[in-house]
Every structure is written in C-alpha cells, then in structure tokens.
Colleague: 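This is the structure I have questions about; it appears just below.
Residue numbers start at 1 and run along the sequence shown. Order of appearance sets the numbers: ligands from 1, and atoms from 1 within every ligand. Side chains included, hydrogens not; waters and symmetry mates left out as well; all remaining heavy atoms used. Since this is a predicted model, take the numbers as computed values, not measurements.
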Amino acid sequence: MEVAYYQDRFLSSTDELAIPIQERGHQFGDGIYEVVRVYNQKPFMMEDHLKRFERSADAIMLQLPYSREEMKAIILDGIQRSGLDNVDVYFQVTRGIAPRIHLFPDTPAVFSMIIRPARELAPEKKQNGVPVLMLEDERWANCYIKSLNLLPNVLAKQHAFKNGCEEAILVKDGFVTEGSSSNLFVVKDEILYTTPATKGILHGITRKAVLQLANTLKIQVKEEHFSPSFLKAADEAFITSTTAEILPINKVDDVLLPTDHTVTKQLQQAFQSLK
Ligand SMILES: Cc1ncc(COP(=O)(O)O)c(C=O)c1O
C-alpha cells in the first residue's frame with residue numbers, strides 16, 4: 001500500500017491531509033527533494049541520496065528538521081509500513097508554513113514523504129531503447145540543487161511526450177547538458193562520454209553508479225561537454241535515473257542510432273548486480 005508522512009507523523013492515507021495553503025513548498029517551490037529506489041526492501045544507494053539532499057539543503061540555506069540517522073529511520077519505517085518489496089520513496093523538505101512573503105520565515109522546515117509501488121519500465125524499452133527529443137535547456141544556473149522548482153523540466157518532458165518521445169535532452173549554449181529527469185551518456189569509439197558534474201546538471205546517483213561500474217569494467221570514460229551533433233553520431237547513447245536505471249536511446253530527433261547497445265548492455269547487466 002501507499003504510505004504518506006507529513007511533519008513528524010505517518011498519515012492514515014495519502015488523501016488524509018490537505019497541505020496548509022501557506023506552505024512554502026506549495027506557494028514558492030521553496031524546498032528540495034529526493035527519490036530513492038527500494039529493491040527487495042533495500043534502499044539503493046541511500047547514503048548517496050541523503051548526502052545529496054544535505055548538499056541541496058545547504059545550497060538553499062535550509063535547515064533540515066532531522067539528522068541523517070533520523071531521516072533513515074523514517075524512510076525504513078515507511079518501507080516496512082508499505083508491506084511492499086519494491087517501492088519508490090519520494091521525500092522533500094520545504095521551508096515551512098508561514099504567511100506568504102519572499103523572505104525566509106522563522107518557522108521550522110517541514111519533511112514529507114510518499115512511498116509508492118515502484119514504477120517499472122516496460123522491458124522492451126530497456127532492451128530496444130527509446131526515442132528522445134532535443135530541446136533548449138531553459139533552466140537556471142544551479143541545476144545541481146535538487147530543487148522543487150521543476151517547471152522547465154515538466155514542460156520539456158511534456159513537449160517530448162507529445163512528440164512521441166520518452167525524454168527531452170536539454171541543450172545549453174551549444175552543448176548537451178542532461179535529460180529533463182535523467183543524465184545522459186554517449187558511447188563513441190568504445191569511450192563513454194558524459195557531461196561533467198558542474199553546477200549546470202544534477203549529479204545523478206545512477207550516473208555515479210555507472211561511472212563506478214565503467215571503472216570496474218575497464219571502460220574508458222571522458223567527463224566532457226559534447227554537442228548535439230556528437231550525440232546524433234553516437235555508437236550508443238543512454239540515459240540514467242533512479243527510476244529508469246540505464247535506458248538506451250534508439251532515436252535522437254529524427255536520427256536513428258545503432259541498436260547493438262553492446263556497452264550499454266554490459267553496464268545494464270553490471271547494474272543488476274548492485275541491487
Ligand atoms: C534533472 C535530472 N537529472 C538527472 C536525474 C537522475 O538522477 P538520479 O540518478 O539521482 O535519479 C534526475 C532524476 O530525477 C533529474 O531530475
């Protein structure tokens with residue numbers, strides 16, 4: 001079953017509570033979030049997610065209401081309560097509940113969480129790949145912060161979907177940054193390329209796992225900026241995220257990519273062993 005938590009307590013259902021109107025997450029998107037995947041009741045790379053959560057909080061000068069250990073305990077309790085083996089845990093902290101003015105309020109931050117059955121991607125997508133659409137990256141300069149402000153990401157994803165694509169690949173100043181909710185990798189001449197972890201992209205946890213696996217598998221990696229035409233000329237390309245894991249790309253705009261996915265498959269297989 002689904003599990004929900006808001007400000008120090010588990011709710012009886014996800015519909016129990018209406019968020020106070022003067023919630024800063026609701027009114028300003030003034031907060032941060034994480035999504036953790038749970039395989040067989042075991043949260044995947046939870047420590048990395050919690051560290052990134054703390055970095056995001058620091059970056060927006062937000063005092064988290066709980067310690068890392070307290071957050072872990074709440075998340076593990078929630079997973080148990082769900083009674084499910086494979087779930088997605090979404091949690092966020094906002095700057096709290098206060099009359100609406102832009103300046104920071106003097107109220108405690110609010111932690112909330114929702115746990116739902118894991119969204120499994122169709123196996124044929126994992127095997128054959130998905131089409132993507134390149135779009136202008138219209139986001140701000142601090143995309144390394146996992147902020148609640150996702151309007152440009154939402155618009156890009158919707159635009160891609162309307163054009164029959166699974167993901168929008170974002171392009172800024174002539175270089176590819178990342179997907180609307182994923183990081184991007186390209187394989188060219190047996191070298192694995194990905195955009196460096198600057199402030200302009202989210203430092204994905206799955207991206208980190210893939211870089212570690214590439215190291216173990218002795219695949220050469222270059223963290224470099226690359227252009228849309230480099231992506232279109234790729235031998236292989238794939239996106240990564242907590243929920244999509246490693247997902248091959250079979251088409252970029254109107255350009256078909258090769259479909260043997262040799263390196264991608266190697267990484268997908270190695271990823272299974274991490275779970
Ligand atoms: C913009 C963006 N980039 C990358 C990712 C992938 O990050 P992770 O692998 O930590 O899920 C996400 C995940 O939601 C994202 O929203």
Colleague: Are the side chains of Phe238 and Ser182 in contact, using a 4.5 Å heavy-atom criterion?
Modeller: no
Colleague: Compute whether any side-chain donor of one residue and acceptor of the other, for Thr206 and Glu245, lie under 3.5 angstrom apart.
Modeller: no
Colleague: Just which atoms of ligand 1 are under 4.0 Å from any heavy atom in Ser241?
Modeller: 6 (C), 9 (O), 11 (O)
Colleague: Closest by any non-hydrogen atom to atom 5 (C) of ligand 1: pick that one out of Asp137, Leu202, Leu170.
Modeller: Leu202
Colleague: Of His26, Arg24, Gln27, Glu23, which is the lone residue that meets side-chain hydrogen bond (donor to acceptor under 3.5 Å, both in side chains) with Thr94?
Modeller: Glu23
Colleague: Run Tyr33 and Phe53 through ring-ring contact (aromatic ring centres under 6.0 Å, His included) and show every step you take.
Modeller: CA-CA 7 Å; Tyr33 77 103; Phe53 196 54; 8.7 Å; no
Colleague: Does any N or O of ligand 1 fall below 3.5 Å from an N or O anywhere on His49, backbone included?
Modeller: no
Colleague: Backbone or side chain, does any N or O of Thr242 fall under 3.5 Å from an N or O of ligand 1?
Modeller: yes
Colleague: Would you say ligand 1 has an N or O under 3.5 Å from any N or O of Lys146?
Modeller: yes
Colleague: What residue and heavy atom of the protein are closest to atom 3 (N) of ligand 1, and at what distance?
Modeller: Glu178 OE1, 2.7 Å
Colleague: Please report which non-hydrogen protein atom sits nearest to atom 9 (O) of ligand 1, along with the residue it belongs to and the distance in Å to one decimal place.
Modeller: Thr206 OG1, 2.6 Å
Colleague: For Arg52 and ligand 1, answer yes if some heavy atom of the residue is under 4.0 Å from a ligand atom, otherwise no.
Modeller: yes
Colleague: Decide, yes or no, whether a salt bridge links Glu47 with Arg52 under the criterion of side-chain N to carboxylate O below 4.0 Å.
Modeller: no
Colleague: Does Cys165 reach the side chain of Pro131, with side-chain heavy atoms less than 4.5 Å apart?
Modeller: yes
Colleague: Among all protein heavy atoms, pick out the one at the shortest distance from atom 16 (O) of ligand 1; state its residue, atom name and that distance to 0.1 Å.
Modeller: Ser181 CA, 3.4 Å
Colleague: Tell me, please: is Asn183 in heavy-atom contact with ligand 1, that is, under 4.0 Å?
Modeller: yes
Colleague: Hey, do the aromatic rings of Tyr5 and Phe111 have their centres closer than 6.0 Å?
Modeller: yes
Colleague: N/O to N/O below 3.5 Å, does that happen between Gly204 and ligand 1?
Modeller: no
Colleague: Taking heavy atoms and a distance under 4.0 Å, where does Ser180 meet ligand 1: side chain, backbone, both or neither?
Modeller: backbone
Colleague: For Phe28, is the NZ or CZ atom of Arg95 found under 6.0 angstrom from the centre of its six-membered ring and inside 45 degrees of the ring axis?
Modeller: no
